[in-house]
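Right, one structure below, let's go through it.
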Amino acid sequence: MRLSRYFMPTLRDAPADAQIVSHRLMLRAGLVRQEAAGIYAWLPLGLRVLRKIEQIVREEMDRAGAVEILMPTLQLADLWRESGRYDDYGEEMLRIKDRHERDLLYGPTAEEVVTDIFRSYVRSYKDLPKNLYNIQWKFRDERRPRFGVMRGREFLMKDAYSFDVDEAGARASYNRMFLAYLNTFARMELQAIPVRADTGPIGGDLSHEFIILAETGESEVFAHRDLVEMGAPGPDIDWFGDLQPLVDQRTRLYAASDEMHDQARFEAEAPPEKRMTARGIEVGHIFYFGEKYSKPMKAVIAGSDGVERPAQMGSYGVGVSRLVAAIIEASHDDAGIIWPESVAPYGVGIINLRPGDAAVDAACERAYAALTTAGKEPLLDDRDERPGAKFASLDLVGLPWQLIIGPKGLAEGNVELKRRATGERQAMPLEAALKVIAP
RNA sequence: CGGGGCGUAGCGCAGCCUGGUAGCGCAUCUGCUUUGGGAGCAGAGGGUCGCAGGUUCAAAUCCUGCCGCCCCGACCA
């Protein structure tokens with residue numbers, strides 16, 4: 001993409017409304033524009049990041065055996081009356097009427113819809129397990145939207161729903177999601193800590209929140225340090241084998257968010273040098289909730305004994321749009337965003353320091369063509385701006401590499417290659433720089 | 001929803017207390033000079049001062065109501 005033809009409205013000053021760093025940087029870098037409290041338009045750069053995150057989530061869901069569908073944003077109130085949640089959900093649900101005076105709602109989640117789909121087609125234990133997911137916009141009429149897209153009223157969520165014939169199967173489904181989440185966040189270069197979460201009235205120990213570490217996060221986490229260092233299991237595990245040991249390994253170490261924290265247990269279970277207290281952002285939440293929806297909605301499955309029983313269900317959420325902000329919170333500096341390579345909107349910014357200079361233009365075009373061919377998605381800054389302005393706006397939008405091409409360097413046969421994350425710069429011939437970026 | 005704050009040009013702000021017909025920086029446009037970390041000079045354009053009432057000879061400024069937005073708290077991907 002050439003900046004001269006692009007739409008990347010960067011701002012020198014962030015609007016006063018934006019308080020936290022990710023919100024300020026998202027507005028300054030031209031990723032989003034606020035339309036109302038908690039409601040945002042996604043601009044080209046922000047949309048590209050959102051799509052890349054979405055794609056990573058999709059790939060890891062697919063790998064773990066989940067199957068993508070797309071459910072509507074508008075849902076029938078009658079379905080929610082069946083589960084009993086229409087009256088329970090409260091003011092956060094955006095309720096609307098169509099022209100026939102029928103009650104609809106803009107979905108805050110999709111347990112009812114997916115259960116309705118499931119029960120329409122699946123009858124036998126032989127068809128299980130199933131895990132259906134979608135990546136769709138959700139609406140919650142938050143009392144207090146805040147922190148930009150971190151807590152919006154409209155947000156993009158990946159929500160998966162597992163169906164199993166019994167609790168053992170449901171636990172296996174839960175484990176797949178548990179490990180898939182660790183892989184998902186690891187691909188975004190985030191350190192995610194699974195912490196035991198409140199399961200509410202369902203009980204049991206099968207609910208975890210995934211907190212990513214960021215100094216500016218809203219919640220405090222207390223965790224055994226080994227948990228962070230253990231990292232993700234990686235893609236090459238036997239997804240339909242016994243995952244329990246891998247999960248146990250990661251759940252027996254102490255980890256709690258502030259509301260679940262027990263200092264005495266923490267001190268008993270983790271030696272002082274292993275106790276880590278940090279700030280974090282919740283980016284995922286998984287639950288096993290059994291028959292909560294399948295029972296009232298009569299999503300029943302015939303077992304091998306021929307007896308019909310409600311399906312055992314779990315649900316698994318990832319805040320896709322929230323992740324955009326969370327990644328920025330976890331990865332930025334005074335100059336702007338530092339995108340992990342996997343979610344960067346473009347792979348490399350080519351800075352033409354002197355548009356109109358034939359040699360510089362030619363070198364930029366050569367780099368642009370080579371990097372495009374190599375799949376590195378270059379963004380060529382060919383605007384008629386001063387060098388300083390280009391450096392500043394490329395630092396702000398945070399592409400992993402900057403390839404700086406100007407007359408002075410070219411006279412010596414060199415371009416300059418800068419790593420955004422470290423600030424490290426190196427002069428070298430263009431061909432060498434291209435090899436570094438696209439080996 | 002309770003508490004606090006803020007709405008003046010695209011963005012950041014001053015002016016309001018003490019009413020007299022709107023200003024600064026950045027951005028934008030034109031010209032010239034510049035060009036390796038957000039240039040300099042000269043000129044230009046752009047504002048129903050959130051909205052609606054009221055007080056007054058006169059309202060951005062005072063009063064009332066409403067709307068919007070932000071922050072803290074209680075709740076949440």
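From a predicted model like this one, the values you see are computed outputs, not experimental measurements. Just so we're on the same page: letters track the sequence lines, and every chain starts at 1.
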TODO: For B/rG19 versus B/rU61, give the span between their P atoms, rounded off to a whole number of Å.
DONE: 12 Å
TODO: Give the ring-plane orientation class for A/Tyr106 versus A/Phe139, where under 30° counts as parallel, over 60° as perpendicular and anything between as tilted.
DONE: perpendicular
TODO: Measure the spacing between CG of A/Leu104 and CG of A/Asp78 and express it to the nearest 0.5 Å.
DONE: 9.5 Å
Task: Distance, P atom - from B/rA22 to B/rA9, rounded to whole angstrom - done: 15 Å
Open item on the list: From the set B/rC70, B/rC75, B/rC11, return the single nucleotide nearest to any side-chain atom of A/Glu92.
Closed with: B/rC75
Task: Short side-chain N/O contact to B/rA39 OP1/OP2 from A/Arg386, under 4.0 Å - done: yes
TODO: May I have the distance from A/Phe147 (atom CZ) to B/rG73 (atom C1'), rounded to whole angstrom?
DONE: 12 Å
Task: Euclidean distance for C1', B/rC11 against B/rC51 (whole angstrom) - done: 23 Å
Open item on the list: Strictly below 4.0 Å: does A/Arg144 bring a side-chain N or O up to OP1 or OP2 of B/rC72?
Closed with: yes
Open item on the list: Between B/rU8 and B/rG4, how many Å separate the two P atoms, rounded to a whole number?
Closed with: 22 Å
Task: Pair A/Arg95-A/Asp103, salt bridge (Lys or Arg N to Asp or Glu O under 4.0 Å): steps then yes or no - done: CA-CA 7 Å; A/Arg95 298 159 206 259; A/Asp103 291 322; over 6 Å; no
Task: Short side-chain N/O contact from A/Gln34 to OP1 or OP2 of B/rG68, under 4.0 Å - done: no
- [ ] Go through B/rA77, B/rG37, B/rC26 for me and flag the one nearest to the A/Arg12 side chain.
- [x] B/rC26
Open item on the list: Quick test of the criterion, 5.5 Å between centres and less than 30° between planes. Is A/Phe391 stacked on B/rG38 or not?
Closed with: no
Open item on the list: Taking B/rA42 as the reference, what is the distance to B/rG37 when you measure between their P atoms (whole Å, please)?
Closed with: 24 Å
Open item on the list: Checking side chain to side chain donor-acceptor pair (under 3.5 Å) between A/Tyr293 and each of A/Glu112, A/Arg85, A/Arg119, A/Glu111, which is the one that passes?
Closed with: A/Arg85
TODO: Sticking with atom C1', work out how far B/rC26 lies from B/rU21, rounded to a whole angstrom.
DONE: 27 Å
TODO: Taking the six-membered ring for Trp and the single ring otherwise, decide whether the centroids of A/Tyr288 and A/Tyr174 are under 6.0 Å apart.
DONE: no
- [ ] Taking only the side-chain heavy atoms of A/Ala16 (C-beta and beyond), determine which of B/rC13, B/rC71, B/rG38 contains the nearest atom.
- [x] B/rC13
TODO: Write down the distance separating the C1' atoms in B/rG40 and B/rG23, rounded off to the nearest Å.
DONE: 24 Å
